[in-house]
Amino acid sequence: MPAPRLRAVPDADPGDPTTLLLATARGDAEAFSELFELVAPKVVGVVRRVVRDPARSEEVAQDVLTEVWRKAKRFDPDKGQAMTWIMTIAHRRAVDTVRSVQASRDREDRIGRREVAPFDATSETVEERAEQARVRLALDALTDLQRESIELAYFGGHTYREVAELLDAPLGTVKTRMRDGLIKLRDAMGVS
Amino acid sequence: MTTDNIHSLTAPYALDALNDLERRQFEDHLAAGCDTCADELSGYLEVAAALGSMHEEPISPSLRTAVATIPDTVRQVGPPIRSSTTPRWARRLTSVAAAMLMVATVGLGAAVVDQRQQIDSLEDRAAVAALLERPDATLATQELDGSVVRIVTSEMTGEAAVLATGLDRLPEDRTYQLWVIDDDGPTGAGFLEIGDDGAGGQLLDRSVRGGDAVGITIEPAGGSDAPTTTPIAVVETA
């Protein structure tokens, strides 16, 4: 009978992403597999929103999970949540993919005003649905200009300079809208 | 970019809305130790992650199968590098300046690293820098018409990094693939990304043991199981 695995934070929920990521950092393949089941739907979700093409999205998602495994030791729980760390990797890879695949002009042609996706009815738990609803409500608190700048950047993969061109706005204004929008979201969601 | 302006990049950075140049400038700024930006960024990243989490997709069986092989085939990189131990010169690694950077370590002697080398992410930059300053780090160099490929390896940890300059940009359907070559032959060790200046640097996905060689070939995008072209560089390590 194999010895029980020690967890980094004994009193935390063993299924918690932070615990699983810390175990992954110690080379625990089983923990990585559990972590995968937990985070992959969101990783694939954000990659799909940005990259769009399903086959390409799956490749990128695989690269993301590879990077999560590879760099797990670099995750510092004092600096933030595991889910944030993973989604940050996922989003950057997704954006890098669209930027290398498409010329800026092509992306401009395809971008119109994006609608915020309705909250996902396939969510498994009440907590998850509430989480997503909270974000959606927070987004409603933004001005149209703030929301548009953030969406073009985050989901459209545009740089703030490209956003400024698309919206025919000064660079400083776009940066301010992104900042003010993020601050509003942060405060509305109760992020510390 | 003045110090005042750099703080205005925090929000776009959190949204991945910076071009390569501004991204590196901001990361250098963070690495130099700006707590204001770091604190602000941490909150923004949580918000961004929540935006991304709004939409979920089911996991496909093919993705699950592919990911199942990762622990057996991908090496984990070393422990986190604490910023207090990262030497000042490493924090200032940037692709903007034209000046050459002198690196002196016990193991490497004095090695010259082109400060214009682009290193992809902040974590990798710190990791490569830490590898360079290890006492057991060794450097092997190969020069070929116009390009220089340097491989830095640590005998103790087996970590290896490639630092290259003067490489040609490849068409979209091609990629530089890295290989570790031992007695059994070549094994894929990652893909080297090259910036507009033809420079790139990163850690390899696999360990390198004494006597192994590191090779770079041009492969179709996505990579090959084995090299399909003649290597553009093969560097023997000590």
Side-chain angles (χ1 to χ4, degrees), chain A residues 25 27 29 32-33 36-37 40-42 44-46 48-49 58-59 61-62 65-66 69-76 79-81 83-84 87-88 90-92 95 100-101 117 119-120 122-123 131-132 135-136 150 153-154 157-161 163 172 175 178-179 182 185-186 189 191-192, chain B residues 5 8-20 22-23 38 40 42-60 62-64 66-68 70-82 120-121 123-124 126-127 172 190-191 193 203 205 221-222:
Chain A
F32 177 66
S33 170
F36 169 76
E37 295 297 328
K42 295 188 163 81
V44 177
V46 70
R48 268 306 291 273
R49 283 289 301 268
E58 183 156 310
E59 280 172 26
Q62 192 181 331
L65 269 310
T66 301
W69 167 262
R70 190 167 155 257
K71 295 192 179 168
K73 283 180 174 60
R74 300 204 186 285
F75 167 66
D76 184 348
K79 293 217 174 108
Q81 316 265 9
M83 202 63 222
T84 301
M87 291 299 281
T88 302
H91 187 259
R92 174 175 284 195
V95 166
S100 69
V101 166
F119 80 84
D120 194 342
T122 66
S123 296
E131 182 68 41
Q132 288 160 343
V135 181
R136 186 152 189 267
I150 288 176
Y154 192 79
H158 291 290
T159 64
Y160 78 91
R161 290 174 184 272
V163 172
K175 284 192 281 185
M178 286 180 177
R179 182 170 201 214
L182 285 179
L185 289 172
R186 184 192 68 193
M189 286 168 37
V191 170
S192 47
Chain B
N5 288 347
S8 71
L9 296 186
T10 313
Y13 180 82
L15 297 169
D16 290 313
L18 295 180
N19 58 37
D20 284 351
E22 286 178 318
R23 180 191 280 181
E40 207 179 313
S42 138
Y44 294 164
L45 287 177
E46 234 182 285
V47 170
L51 284 177
S53 300
M54 278 198 299
H55 180 70
E56 292 187 4
E57 292 271 331
I59 304 171
S60 73
S62 52
L63 180 64
R64 186 176 280 114
V67 168
I70 289 173
D72 294 327
T73 57
V74 177
R75 194 179 152 272
Q76 293 182 310
V77 295
I81 310 303
R82 297 166 53 119
D120 198 8
S121 71
E123 294 159 340
D124 268 357
E172 220 174 85
F191 301 96
E193 286 166 35
L203 297 175
D205 280 348

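Protein chains get the first letters and strands the later ones, always in sequence-line order, with residue 1 at the start of each.
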- Query: Thinking salt bridges, do Arg161(A) and Glu22(B) make one under a 4.0 Å N-O criterion?
  - Reply: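 Result for this pair is yes, salt bridge flagged.
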
- Those residues that, when tested against Ser62(B), pass side chain to side chain contact (heavy atoms under 4.5 Å, CB included) (two or more places apart):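 Partners of Ser62(B) under the side chain to side chain contact (heavy atoms under 4.5 Å, CB included) test: Glu58(A), Ser60(B).
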
What part of [X] gets closer than 4.5 Å to chain B, counting heavy atoms only: side chain, backbone, both or neither?
{"X": "Val44(A)", "value": "both"}
{"X": "Thr66(A)", "value": "both"}
{"X": "Tyr154(A)", "value": "both"}
{"X": "Met178(A)", "value": "both"}
{"X": "Ala25(A)", "value": "backbone"}
{"X": "Glu59(A)", "value": "neither"}

- Task: Please round to the nearest 0.5 Å and tell me the distance separating atom CD of Glu57(B) and atom CZ of Arg48(A).
- Result: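 If I round to the nearest 0.5 Å, the distance is 5.0 Å.
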
- Query: Given a strict heavy-atom distance threshold of 4.5 Å, which part of Ile59(B) is in contact with chain A: side chain, backbone, both, or neither?
  - Reply: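 Side chain only.
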
- Query: Where on Asp205(B) is there a heavy atom nearer than 4.5 Å to chain A: the side chain, the backbone, both, or neither?
  - Reply: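 Its backbone and side chain both get close to chain A.
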
With a 4.5 Å limit on heavy-atom distance, are the side chains of [X] and [Y] in contact?
{"X": "Ile70(B)", "Y": "Arg70(A)", "result": "no"}
{"X": "Arg23(B)", "Y": "Arg92(A)", "result": "yes"}
{"X": "Glu46(B)", "Y": "Gln81(A)", "result": "yes"}
{"X": "Asp16(B)", "Y": "Thr88(A)", "result": "no"}
{"X": "Tyr160(A)", "Y": "Leu18(B)", "result": "yes"}
{"X": "Lys42(A)", "Y": "His55(B)", "result": "no"}
{"X": "Leu182(A)", "Y": "Leu15(B)", "result": "yes"}
{"X": "Tyr44(B)", "Y": "Val191(A)", "result": "no"}

- Item | Least distance between heavy atoms, Gln76(B) atom then Ala72(A) atom |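 Here Gln76(B) and Ala72(A) meet closest at NE2-CB, 4.2 Å.
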
- Pick whichever of Leu203(B), Leu63(B), Asn19(B) has the most heavy-atom pairs under 4.5 Å with chain A.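 Counting heavy-atom pairs under 4.5 Å, the top option is Leu63(B).
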
- Message: Run the salt bridge (charged side-chain N to carboxylate O under 4.0 Å, His left out) test on Arg179(A) and Glu40(B) for me, step by step, so that the C-alpha distance in whole Å, both residues' side-chain angles and the decisive distance to 0.1 Å come before the verdict.
- Response: CA-CA 10 Å; Arg179(A) 182 170 201 214; Glu40(B) 207 179 313; 3.0 Å; yes

- Donor + acceptor pair across side chains of Lys175(A), Ser8(B) (<3.5 Å):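 Their side chains do contain a donor-acceptor pair, which is all the 3.5 Å distance test asks for.
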
